[in-house]
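Here's the structure, in structure tokens; my notes come after.
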Amino acid sequence: MDYEVSGLKKLVIYYSFEGNTKLIAETIADTLQADVLQLIPKKEIQSKGFMKYFWGGKQVMMKKKPELYPLDKAPQDYDVIFIGTPVWAWTFAPPIYTLFETTEIADKKVALFSCNRGQNGKTFENMKKELYKSDIIGQIEFFDPLTNNKEENIQKAAAWAESIIKAI
Ligand SMILES: Cc1cc2nc3c(=O)[nH]c(=O)nc-3n(C[C@H](O)[C@H](O)[C@H](O)COP(=O)(O)O)c2cc1C
């Protein structure tokens, strides 16, 4: 099936700190020929070591909304939006919170994806609360796909993306 011919405008929005969510986002975008909007905080966590958990966890706890570089795509221009996040402290990462606070996402078909280390917590539940003006049409999680069964996870992401579009 040629997804361009389906006439739907598709956007993949994501934040990724260590590349897992980026891998899945790019797989979905390649599969569907969708546009991509990467959220990039102006100030990123400096530590890739154990301190990252304290820094990131604290950001979540304090409901921080880190300032992002200007978005180069407008979600309102699209019909179907995929939103991907790493799981931080059992919920979505702070840059996604900034997105929700600063950008209207209404009357869209939205599919959610997350990358985690086995504890998705309230990630999807909390995203759905923020996206109450849209229709949530799917959700899926991946266990650190860069370092665990990478090829399988790429296949899983591609198949899921196709199934979402076919079901519309
Ligand atoms: C600050 C921080 C908090 C995290 N909290 C969780 C968590 O609550 N549950 C979980 O399963 N994984 C947690 N992780 C692991 C990441 O969700 C996981 O490694 C994910 O694949 C990273 O995605 P990324 O490479 O796109 O940043 C946490 C990682 C960080 C840095």
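Numbering of ligands and ligand atoms starts at 1, following listing order. Counting begins at 1 with the first residue of the sequence. All values derive from a computational prediction rather than experimental measurement.
- Residues Gln33 and Lys10 are not in side-chain contact: their nearest non-hydrogen atoms beyond the backbone lie 4.5 Å or more apart.
- The contact set between ligand 1 and Thr21, taken as ligand atoms under 4.0 Å from a residue heavy atom, comprises 23 (O), 24 (P), 26 (O).
- Minimum interatomic distance between Ala157 and Ile28 (heavy atoms only, all atoms of both residues): O-CG1, 4.3 Å.
- In terms of heavy-atom proximity, Ala158 sits nearest to Thr27 at N-CG2, 4.0 Å.
- When Val87, Asn148, Ile45 are checked for heavy-atom proximity to atom 7 (C) of ligand 1, Val87 turns out nearest.
- Of all the listed residues (Leu23, Thr85, Asp144, Thr91), Asp144 holds the heavy atom that lies closest to atom 21 (O) of ligand 1.
- Taking only non-hydrogen atoms, the option from Phe142, Trp88, Trp90 nearest to atom 30 (C) of ligand 1 is Trp88.
- Both Tyr15 and Leu71 sit in one connected hydrophobic cluster of ILVMFWY residues. Membership requires side-chain heavy atoms under 4.5 Å apart, directly or through other members.
- Listed by number with element, the atoms of ligand 1 under 4.0 Å from a non-hydrogen atom of Gly118 are 11 (O).
- Annotation: Trp160 is in aromatic contact with Phe82 [ring centroid separation under 6.0 Å].
- Looking at Lys22, Lys52, Arg117, Glu141, it is Lys52 that brings a heavy atom closest to atom 1 (C) of ligand 1.
- Between Lys109 and Asp135, at least one side-chain N (NZ, or NE/NH1/NH2) sits under 4.0 Å from a carboxylate O, which counts as a salt bridge.
- Close approach of ligand 1 to Asn20 is summarised as follows: ligand atoms under 4.0 Å from at least one heavy atom of the residue are 21 (O), 22 (C), 23 (O), 24 (P), 25 (O), 26 (O).
- In terms of protein heavy-atom proximity, atom 29 (C) of ligand 1 is closest to Tyr53 CE2, 3.5 Å.
- Considering backbone and side-chain N/O of Phe17, one or more are found under 3.5 Å from N/O of ligand 1.
- Every N/O-N/O distance between Pro86 and ligand 1 stays at or above 3.5 Å.
- The nearest non-hydrogen atom to atom 9 (N) of ligand 1, considering only Met51, Gln119, Gln59, Glu18, comes from Gln119.
- Between Ile83 and Ile105 the shortest side-chain heavy-atom distance falls below 4.5 Å.
- Nearest non-hydrogen protein atom to atom 5 (N) of ligand 1 is Ala89 N, 3.0 Å.
- A centroid separation of 6.0 Å or more is found between the aromatic rings of Phe124 and Phe92.
- When only interatomic distances are considered, the shortest N/O to N/O separation between Gly19 and ligand 1 falls below 3.5 Å.
- Using a cut-off of 4.0 Å between Lys/Arg side-chain N and Asp/Glu carboxylate O, Lys22 and Glu26 are scored as salt-bridged.
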